[in-house]
Undergrad: 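Here it is: the structure, laid out below.
Source: prediction; values computed, not measured.
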Amino acid sequence: MNSHRLPRWHPAAILAASVAVLLGTAAQAGEPAVKGYADYETYRAEVRKIAKSKLVKLNSLARTAGGREVFCLEIGTGKTDQKPAILVVGGVYPPHLVGSELAVRMTRRLVEQAAADKQAAAILDRLTFYVIPRPSPDPCEALFRKPYAERAENDRPMDDDGDGAVDEDGPDDLDGDGWITAMRVEDPAGPYMAHPEDARALVRADPVKNQHGRWSVYVEGRDNDRDDQPNEDPPGGTAFNRNFTFRYPYFQRGAGPHQVSEPETRAVADFAFSHPNIALVLTFTPEDNLMRPWKPNPQAESQKAKTAVLGGDAGYLNYVAEQYRQIHGGKDAPDSPEGQGSFSQWAYFHFGRWSLACRGWWIPQLKPEEPKTTANKPTDKPPPKHARDRGDGEDAGNGQAVTDAKAKSPARRGRAAAKAPAGKRLGARAADAKPAEDKPPEDGRGADELSALRWLDREKIDGFVPWKRIEHPDFPGRVVEVGGIKPFLRLNPPARELEPLADKHWRFVRRLVELLPELAIHQSKAEPLGGGVWRVSATAVNRGYLPSVSQMGRITGGPHPLQAVIELPPGVKLVTGHPRGQLPPLPGNGGKAETTWLVSAPAGKEHRLTVHVWSPSVGDCRQTIVLPAK
Amino acid sequence: MRYSSEVENPSGATGCVSAAVRELVSENEAPVHNEAPVHSEWDGRLARPRSLSEFPSDRRDAGPTGFLDRDAGPTEFLDRPARPALWVAAVILLVVAAATCATAAEKSPYQPAGAPADPKVPARWNYYRDYAEATRLLEALAAAHPQRAKLASVGKSYGGREMWLLSITNFGKGSDRQKPAFMIAGAIHANEIQGTEVTLYTAWYLLEMYGRSPLVTRLVDARAFYLVPMLSPDSRDAHMYRPNTTSSPRSGQVPVDDDRDGLVDEDGPDDLDGDGQITQMRVRDPNGRWKPHPDFPNLLIPAKDDEPGEYRLLGTEGYDNDGDGRVNEDGDGYYDPNRDWPWQWEPRYVQHGAHRYPLSLPENRAVADFVLKHPNIAGAQSYHNSGGMILRGPGTKDERLDPADLAVYDAIAKKGQEMLPGYKYLETATGLYEVHGGEGDWMFVMRGVFRFTNELWTPLNFFRKPAESGERKEEAERFNKYLLLGDGTVPWKEVDHPQFGRIEVGGMKKNWGRQPPSFLLEEECHRNMAFTLYHADQMPQVRIQSAAAKRLPGGLVEVTAAVVNPKLTPTRAALDVTHHVTPPDLVSLEGKDLKVSLGLWSDSPFFQDAREQKHRPEQVRVPRIPGMGAVYVRWLVRGAGPYTVRVQSVKGGSDRRIARMKDEG
């Protein structure tokens with residue numbers, strides 16, 4: 001979300017907003033926006049209930065600083081850790097509660113159907129599922145107790161601004177409405193102005209077009225420690241989704257003291273590494289790559305450290321993404337955040353697995369003249385960057401613009417040198433530098449925000465806090481107004497959408513399962529060469545769609561290679577060849593590889609040899625080869 | 001008896017003492033439970049896990065030298081049945097021994113320059129201690145010098161050994177946390193064993209020379225030292241007690257399935273001839289390209305381009321344990337503990353030796369947690385081998401140091417090159433090789449600590465003259481022949497190899513190649529220690545040079561202070577300031593009922609380009625006090641004195657002074 005654009009207050013607008021608020025309040029008493037979503041206690045109860053099935057094993061991987069468990073559900077039959085597995089992770093960005101919900105509800109469907117339906121049960125014969133619906137449970141609770149705030153950081157106290165004090169300056173609910181939204185301060189030099197089409201929204205003024213800014217915008221709060229930086233050291237902590245090793249945002253707020261520093265991240269990373277049978281990772285997160293697939297970068301591919309999806313993998317990921325788009329049916333998905341330090345990118349680039357990531361839901365784009373229908377046709381121009389990148393790779397949700405705070409704060413964020421002379425200063429990583437978003441989109445300025453407001457109006461959701469003047473002690477005598485779209489609502493649908501969404505995503509998982517590699521031993525034979533010597537050969541084939549390993553997986557060396565082992569009965573000896581060896585990766589849809597051994601077997605009796613081909617993340621096959629007596 | 005004999009006894013005798021002095025420092029805040037086992041592999045076939053008990057830990061010191069032996073006398077005689085002549089002899093001996101004791105107690109021994117001849121804790125510096133012996137020495141030091149030494153464990157290694165950390169400072173003159181601290185760590189690569197001895201030597205020297213050496217006394221009073229002799233204790237014992245080369249194990253002992261075949265650590269080197277060494281394998285082969293050196297028959301050299309060879313080299317001693325055709329492809333670990341640190345960490349395919357993610361190794365994690373909790377660490381040193389180098393970052397080629405920080409490194413290292421002949425001062429990335437995830441770079445960039453890595457043992461030690469580059473091997477062989485009397489190598493001899501048949505094994509022993517022989521170890525310890533003491537002395541030390549108060553018209557008082565740091569190292573590196581690693585230095589004005597209306601600071605004594613701090617001017621936040629530099633702070637205050645100026649710097653210490661009232665006009 002790159003700007004706030006708010007209208008001048010027209011009386012009609014005030015009336016309309018008030019009516020909307022009243023209707024909204026009346027419709028959902030208590031905590032309107034979060035109703036229907038699970039807080040930690042509810043979530044824990046749900047997970048325990050699912051775990052009652054004998055198809056499910058419930059593990060706790062860690063306990064967070066806030067004392068909450070990181071649950072992992074293992075769904076499968078038989079030797080679950082010896083079958084290829086899909087790792088499903090929700091809630092990596094805690095305010096994206098829909099991610100956690102989808103993971104739980106999808107698991108429920110899997111378990112119920114596998115118990116009732118033979119086809120679904122067959123999935124579990126072949127595969128195992130590991131589901132971590134809520135890897136960072138601490139910050140989610142900020143949406144279940146007032147003041148509701150969009151918080152990504154866990155409960156570990158941390159001195160974010162390096163001033164020696166810890167968590168001393170967080171947001172404050174200045175207008176007492178129970179929500180942390182935004183505040184705007186009247187400022188003739190401020191960069192924002194009200195959007196001409198909807199005064200609730202703010203948009204950056206373009207001085208070249210002779211537009212005058214009027215507002216500076218901050219997160220709602222006071223500068224509690226009076227260091228000229230408001231709200232720069234909120235409670236917590238480290239954000240789970242910025243704590244991973246790929247393009248780790250060094251020194252940025254929320255990234256933690258270093259990579260994988262938190263019990264939650266360490267537990268999830270260790271779980272992944274100690275389960276080499278994981279073939280694919282599906283994440284529910286704003287860093288979507290299914291609606292907006294990753295694009296390869298041929299120039300970058302020649303670098304040693306890979307930073308863009310490899311050309312050899314992009315095609316496969318695109319095909320899978322196409323399946324998703326067909327099933328989901330949504331359009332005009334927002335741009336994905338940069339995702340520095342994010343889990344889903346780590347899963348592909350460092351963990352070396354196929355990595356699919358989706359938001360699950362977003363506010364549909366609504367044109368002004370079509371209030372009743374979801375925008376089905378794509379807009380003429382690509383939508384402006386929806387996810388406001390604060391230079392630290394995180395979706396700022398309701399667009400709490402911290403641009404001014406960022407501009408003022410001496411380089412706590414995005415410090416990665418914009419001004420590097422030849423050779424960067426030590427400590428700067430130019431590859432990660434994201435200069436402040438300065439150019440406003442042309443005519444589409446603020447289109448996202450307007451669309452969101454329209455949608456909230458249409459759905460009669462009390463989602464917008466009208467700008468209201470308050471007395472702000474840090475700005476004595478100046479006009480300060482609090483308002484904005486409530487956090488949570490940009491990312492999470494009304495609760496009634498959750499079941500239909502879960503259905504869609506479950507359908508996608510069933511389709512996905514059909515696309516995984518399928519290992520078989522296609523042909524095996526034994527040719528007598530005379531003198532009791534036989535040439536024994538076996539061909540392994542991959543009948544599935546996806547290759548047995550991604551190109552990135554091959555490079556990282558994460559997934560185990562395919563192995564072929566021959567098991568010889570007593571009396572039969574190997575003449576040449578080793579009893580065990582590795583096979584090359586197998587492309588999908590028929591990729592094959594043959595291994596050969598020369599054995600000598602005493603004549604006069606039958607011998608039964610076994611060829612065993614397997615890789616934990618691909619499959620496991622055995623075939624018996626008979627050397628006849630004659 | 002003057003001397004503690006604790007070093008002599010097996011761990012039982014020191015147990016009660018160690019319990020008293022040992023304090024366990026907790027590592028992580030949140031305990032992790034139900035954690036998936038680190039090393040579980042897909043088909044359950046694990047290598048046999050190695051336990052602590054496999055490494056014999058009751059080796060004893062050969063014995064101290066000096067007075068202890070002579071003082072052992074009297075008690076023996078009292079136990080024997082007496083006969084008159086023997087009685088007389090016994091009494092005479094008793095008197096003489098007592099006299100010797102008495103005079104010994106009064107007479108100071110002749111001290112050589114250097115280390116004391118009569119330390120409280122006797123110690124030899126011509127051999128290498130295993131984990132248990134190193135532990136005993138640490139315990140003895142802590143027990144003998146409780147006012148200045150505290151032994152603690154920061155956590156456990158993978159194999160269950162304690163990660164010892166000895167804190168040295170004069171605790172009577174302030175806690176270690178309030179003083180600038182210097183951290184020394186040895187042998188992160190366990191095969192680089194002398195690093196541990198240098199660290200132990202430094203600890204011993206600081207404690208034993210306190211009160212004897214003014215410099216040591218001053219350092220121990222004003223600074224703190226954190227010494228971690230063994231960063232990889234499991235592999236230290238593995239190097240010593242299992243067949244290895246001088247270069248192994250570089251890794252720790254966490255099992256890793258290097259060849260990803262479902263078996264873990266199943267195919268490491270094998271000691272085919274049972275001599276406790278892993279040497280090289282060769283076989284006679286007219287098509288081989290190696291031949292024996294004419295002067296040193298044990299050494300193989302390449303045959304000339306147009307000359308037939310005699311031998312084929314077959315690699316490191318071992319065979320194919322798991323039947324996959326490869327030899328020794330999955331041994332200890334493998335990972336490099338010095339590629340496991342956060343700054344510029346890259347995964348294994350970019351940086352050979354990386355493990356799962358930064359600080360994924362328990363030993364490193366324990367030490368890193370300690371460093372994170374001790375931001376007062378301002379200087380550090382780590383010990384590796386070999387080659388004779390004094391290294392600093394950056395570790396990757398695309399980074400540069402800030403010139404101010406570079407100047408500090410240059411100044412200290414220049415002295416180092418003098419003290420350590422044969423050691424070259426180099427930048428890691430351009431002078432050695434690129435390192436992603438090295439400990440030193442993390443310490444400097446992310447903790448603001450000026451830190452060197454020394455690669456110990458330089459070829460200049462052989463004959464004190466640099467050899468021509470083509471003759472290094474011959475020089476080493478000559479040294480082995482004439483000074484080690486051949487003790488460094490194993491002559492080639494025949495063995496049977498399961499796959500290759502009849503071959504020969506031979507080559508260098510594991511105690512030769514990267515580490516000093518006994519007679520050169522103490523020198524290596526002392527010279528490197530001296531370098532670190534110079535560096536430690538150059539850590540920041542803030543001092544209020546002057547503080548003056550002047551009455552102004554209108555009832556205001558102007559207080560001006562000059563805060564200096566007369567050391568090479570600034571209170572905060574330029575990088576530290578950029579990345580907010582530590583908080584700014586605080587210069588405060590304190591006093592009863594004072595109302596401070598203005599706070600200014602400047603780099604100039606004339607307050608040119610002074611900067612005002614509007615919020616809480618009584619506590620001026622200064623970004624840093626430069627090395628060999630000063631900052632100047634001025635307040636306007638209302639209220640009666642005394643006006644106390646206080647400076648607090650996380651890495652630079654603190655000071656306090658009452659402002660002197662100047663007459664008006």
Side-chain angles (χ1 to χ4, degrees), chain A residues 59-65 81-82 156 159 161-164 226-228 244-245 248 250-251 257-263 266-267 269-271 273-277 304-305 349-350 411-412 415 423-430 555-557 559-561 563 577-582 614 616, chain B residues 28-43 257 259-262 320 322-325 341-350 356-360 368 372 393-394 398-402 405 442 444-446 574-575 578-584 586 614-616 621 650:
Chain A
N59 294 316
S60 169
L61 301 182
R63 175 164 286 154
T64 65
D81 61 348
Q82 289 178 25
R156 170 142 75 131
D159 176 10
D161 56 347
D163 64 355
R226 300 176 67 215
D227 60 356
D228 282 335
F244 282 85
T245 50
Y248 173 74
Y250 292 95
F251 305 114
H258 54 78
Q259 303 92 317
V260 196
S261 55
E262 308 303 298
R266 207 168 152 86
D270 278 339
F271 179 85
F273 281 112
S274 53
H275 288 80
N277 58 323
K304 191 171 185 198
F349 286 99
H350 282 186
R412 180 67 187 168
R415 185 171 302 115
K424 304 197 308 287
R425 287 295 173 81
L426 187 69
R429 303 194 79 182
I555 290 171
T556 58
H560 289 204
Q563 292 201 79
H578 300 282
R580 62 191 297 145
Q582 287 183 353
W614 86 99
Chain B
N28 292 325
E29 288 92 1
V32 176
H33 58 269
N34 292 0
E35 192 175 12
V38 164
H39 54 273
S40 78
E41 293 294 345
W42 172 64
D43 64 358
D257 184 1
D259 55 350
R260 295 172 295 133
D261 63 355
D320 178 12
D322 60 348
D324 65 354
W341 301 81
W343 181 247
Q344 301 282 51
W345 185 93
E346 292 284 351
R348 192 170 43 213
Y349 82 91
V350 177
R356 296 175 167 188
Y357 49 79
L359 304 178
S360 53
L372 284 164
D398 59 353
E399 294 173 87
R400 269 188 24 231
L401 278 181
D402 182 285
D405 293 341
W442 172 74
F444 181 59
V445 179
M446 296 180 81
L575 265 188
T578 307
H579 295 311
H580 292 231
V581 174
T582 52
L586 297 174
K614 293 201 180 72
H615 295 302
R616 297 183 66 196
R621 292 194 293 273
V650 169

Undergrad: When only pairs under 4.5 Å are counted, which of A/Pro561, A/Pro257, A/Pro559, A/Ala269 shares the most heavy-atom pairs with chain B?
TA: A/Pro561
Undergrad: Where does A/Phe244 contact chain B at under 4.5 Å (heavy atoms): side chain, backbone, both or neither?
TA: neither
Undergrad: When the ring centroid of B/Trp341 is compared with that of B/Trp442, is the distance short of 6.0 Å?
TA: yes
Undergrad: Of all the heavy-atom pairs spanning B/Asp405 and B/Phe444, show the shortest one and how long it is.
TA: OD2-CZ, 3.6 Å
Undergrad: Which one, B/Met446, B/Arg348, B/Arg616, leads in non-hydrogen pairs under 4.5 Å with chain A?
TA: B/Met446
Undergrad: Assert yes or no for the condition that the ring centre distance of A/Tyr248 to B/Trp345 is strictly below 6.0 Å.
TA: no
Undergrad: Which heavy atom of A/Thr245 sits nearest to which heavy atom of A/His350, and what is that distance?
TA: OG1-ND1, 2.7 Å
Undergrad: Can you tell me which portion of B/Asp320 sits under 4.5 Å from chain A's heavy atoms? Options are side chain, backbone, both or neither.
TA: side chain
Undergrad: Describe, in one word, how the ring planes of A/Phe251 and B/His579 are oriented to each other, choosing from parallel (under 30°), tilted (30 to 60°) and perpendicular (over 60°).
TA: parallel
Undergrad: Counting only heavy atoms closer than 4.5 Å, note whether A/Gln259 contacts chain B via side chain, backbone, both or neither.
TA: both
Undergrad: Which answer fits B/Leu586, side chain, backbone, both or neither, if we ask what part of it has an atom under 4.5 Å from a heavy atom of chain A?
TA: neither
